[in-house]
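Both ligands and their constituent atoms are indexed starting at 1 by order of listing. Computed from heavy atoms alone, side chains included, the values below leave out hydrogens, waters and symmetry copies.
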Amino acid sequence: MSDYSKLYDAIVIGDHRTAVEVTKAALEANVDPSELISKYMIPAMNEVGQRFACNEYFVPELHIAARAMKAALELITPKLAETGAKRIGRVVIGTVKGDLHDIGKNLVASMLEGAGFEVVDLGVDVPPEKFVQAAQEKPGTIVAMSALLTTTMLNMKNVIEALQQSGLRDKVRVMVGGAPITPQFAQQIGADGYGENATEAVDVARRLAAELGSVAATTS
Ligand code: B1M
């Protein structure tokens, strides 16, 4: 692959026009979109996070970097979602209550769509009752939660408790992910799966969909 480090630089400095231009050129040159994401775009957001952590960047810089990242992703995600894979399950996805970060969640949603899942995206700042309501609409749903803040990750447990209280816990599978989430945390709160990144999230969702298939088969 040619060097698309201009894409990295454009996201770090929040230059959304250049980010779009370089992404368009890369896609026209048939560059693998997932390589663009993993080699340039995610490292750029990590650099932005580093700069924020050491007070070199502040919230406005986070916003403009996110705008550049999203502008480039808008060109890429349709390609991730459009693989024509056969429908293999339903996922209800959202960023938990109190949390406005959606870039990673959107990426996971597009990859799941590309893998053949029907994806219902509830957006950001999603309260437990909204996850429950969406899961109730169809049995055999995977409830997928994203969180980027150490404060909001605790809300994932509230969603699992709400699923329990509504009698749905055994009929769904729950998966979690996001930068502060660990496999240990996922286990502690009673989630069924954890994905470190979007690719892993697809593998986890496939496993959970297979489990739900067998649940449906044994209860029907
Ligand atoms: Co915020 N922010 N932010 N931010 N932000 C972080 C997360 C932070 C680590 C920055 C830092 O300090 N270094 C820090 C959190 C610290 C902590 O909790 N320990 C932080 C903070 C503090 C804040 C505010 C509190 C800042 C403030 O206002 N003082 C504030 C909170 C607002 C809120 O949510 N209530 C805030 C706000 C924002 C913006 C809105 C400005 C913007 C988000 C814009 C948007 O998303 N639309 C923003 C950004 C851009 C970031 C960083 C720089 C980048 C996040 C990102 O998009 N990464 C971030 C630093 C960092 O992550 N390095 C930071 C790229 C994305 C592709 O990765 O989301 O991790 P990620 O998703 C990955 C995996 O985590 C995984 O797959 C994805 C693809 O590989 N994944 C899943 C995600 N969800 C998954 C679900 C799954 C499976 C895998 O299954 C269901």
Checklist entry - Just heavy atoms, cut-off under 4.0 Å: does E196 contact ligand 1 by side chain, backbone, both, or neither? => result backbone
Checklist entry - To which protein heavy atom is atom 46 (O) of ligand 1 closest, and what is the distance rounded to 0.1 Å? => result D102 N, 2.8 Å
Checklist outcome for this item: Within 4.0 Å of some non-hydrogen atom of A53, the atoms of ligand 1 are 13 (N)
Checklist entry - What residues, two or more places apart in sequence or in another chain, satisfy side chain to side chain contact (heavy atoms under 4.5 Å, CB included) together with A205? => result L112, F117, I142, M175
Checklist entry - Measuring to protein heavy atoms, does anything land under 4.0 Å from atom 59 (C) of ligand 1? => result no
Checklist entry - At under 4.0 Å between heavy atoms, which part of E200 makes contact with ligand 1: side chain, backbone, both or neither? => result neither
Next on the checklist: Considering non-hydrogen atoms of the protein only, which is the closest contact for atom 33 (C) of ligand 1, and what is the distance?
Outcome noted: L100 N, 3.6 Å
Item to check | Within-cut-off N or O pair, T150 and ligand 1, under 3.5 Å | outcome: yes
Checklist entry - Can you list the atoms of ligand 1 that are under 4.0 Å from a heavy atom of N46? => result 63 (N)
Checklist entry - Please state which protein non-hydrogen atom is closest to atom 84 (N) of ligand 1 and give its distance, to 0.1 Å? => result S146 OG, 2.8 Å
Item to check | Winner among P43, C54, G104 once heavy atoms are compared against atom 66 (C) of ligand 1 | outcome: G104
Checklist entry - So, is A66 polar-close to ligand 1, with some N/O to N/O distance under 3.5 Å? => result no
Checklist outcome for this item: Note: ligand 1 atoms sitting under 4.0 Å from heavy atoms of A144 are 91 (C)
Checklist entry - Counting from 1, what ligand 1 atoms have a heavy atom of K70 closer than 4.0 Å? => result 47 (N)
Next on the checklist: Any carboxylate oxygen within less than 4.0 angstrom of a Lys/Arg side-chain nitrogen, looking at E161 and K157?
Outcome noted: yes
Next on the checklist: Once side chain to side chain contact (heavy atoms under 4.5 Å, CB included) is applied, do any residues pair with E118, and if so which ones, sequence neighbours excluded?
Outcome noted: R87, R90, V120, K138
Next on the checklist: Under 4.0 Å from atom 36 (C) of ligand 1, is there at least one protein heavy atom?
Outcome noted: yes
Item to check | Proximal ligand 1 atoms for M145, defined as those under 4.0 Å from one of its heavy atoms | outcome: 86 (C), 91 (C)
Checklist entry - Any idea which part of N197 is under 4.0 Å from ligand 1, heavy-atom wise: side chain, backbone, both or neither? => result both
Checklist entry - Which of the atoms of ligand 1 are close to D99, meaning less than 4.0 Å from one of its heavy atoms? => result 34 (O)
Item to check | Closest non-hydrogen atom pair between A65 and M45, with its separation | outcome: O-SD, 4.2 Å
Checklist outcome for this item: The atoms of ligand 1 lying under 4.0 Å from a heavy atom of G178, numbered in the order shown, are 75 (O), 81 (N), 82 (C), 83 (C), 84 (N), 85 (C)
Next on the checklist: Run the side chain to side chain donor-acceptor pair (under 3.5 Å) test against E61 and tell me which residues pass, sequence neighbours left out.
Outcome noted: none
Checklist entry - Do D32 and K79 pass the salt bridge (Lys or Arg N to Asp or Glu O under 4.0 Å) test, and can you show the C-alpha distance, the side-chain angles, and the key distance before you say yes or no? => result CA-CA 10 Å; D32 177 359; K79 304 219 174 284; over 6 Å; no
Checklist entry - Non-hydrogen atoms of A198 versus ligand 1: any pair closer than 4.0 Å? => result yes
Checklist entry - Are the charged groups of E21 and R17 less than 4.0 angstrom apart, N to O? => result no
Next on the checklist: Just to be careful: counting only protein atoms that are N, O or S, how many fall under 2.8 Å of atom 1 (Co) of ligand 1?
Outcome noted: 1
Item to check | Protein non-hydrogen atom below 4.0 angstrom of atom 8 (C) of ligand 1 present | outcome: no
Next on the checklist: Is atom 24 (C) of ligand 1 touching the protein, meaning some protein heavy atom lies under 4.0 Å away?
Outcome noted: no
Checklist entry - Nearest protein heavy atom to atom 54 (C) of ligand 1, by residue and atom, and its distance? => result M45 CE, 3.8 Å
Checklist entry - Side chain, backbone, both or neither: which part of I181 has a heavy atom under 4.0 Å from ligand 1? => result neither
Next on the checklist: As a test of the contact definition, would atom 51 (C) of ligand 1 count as having a protein heavy-atom neighbour under 4.0 Å?
Outcome noted: yes
Item to check | Protein heavy atom at shortest distance from atom 40 (C) of ligand 1 | outcome: H63 CE1, 3.8 Å
Item to check | Selection from G98, G177, A179 by shortest heavy-atom distance to atom 75 (O) of ligand 1 | outcome: A179
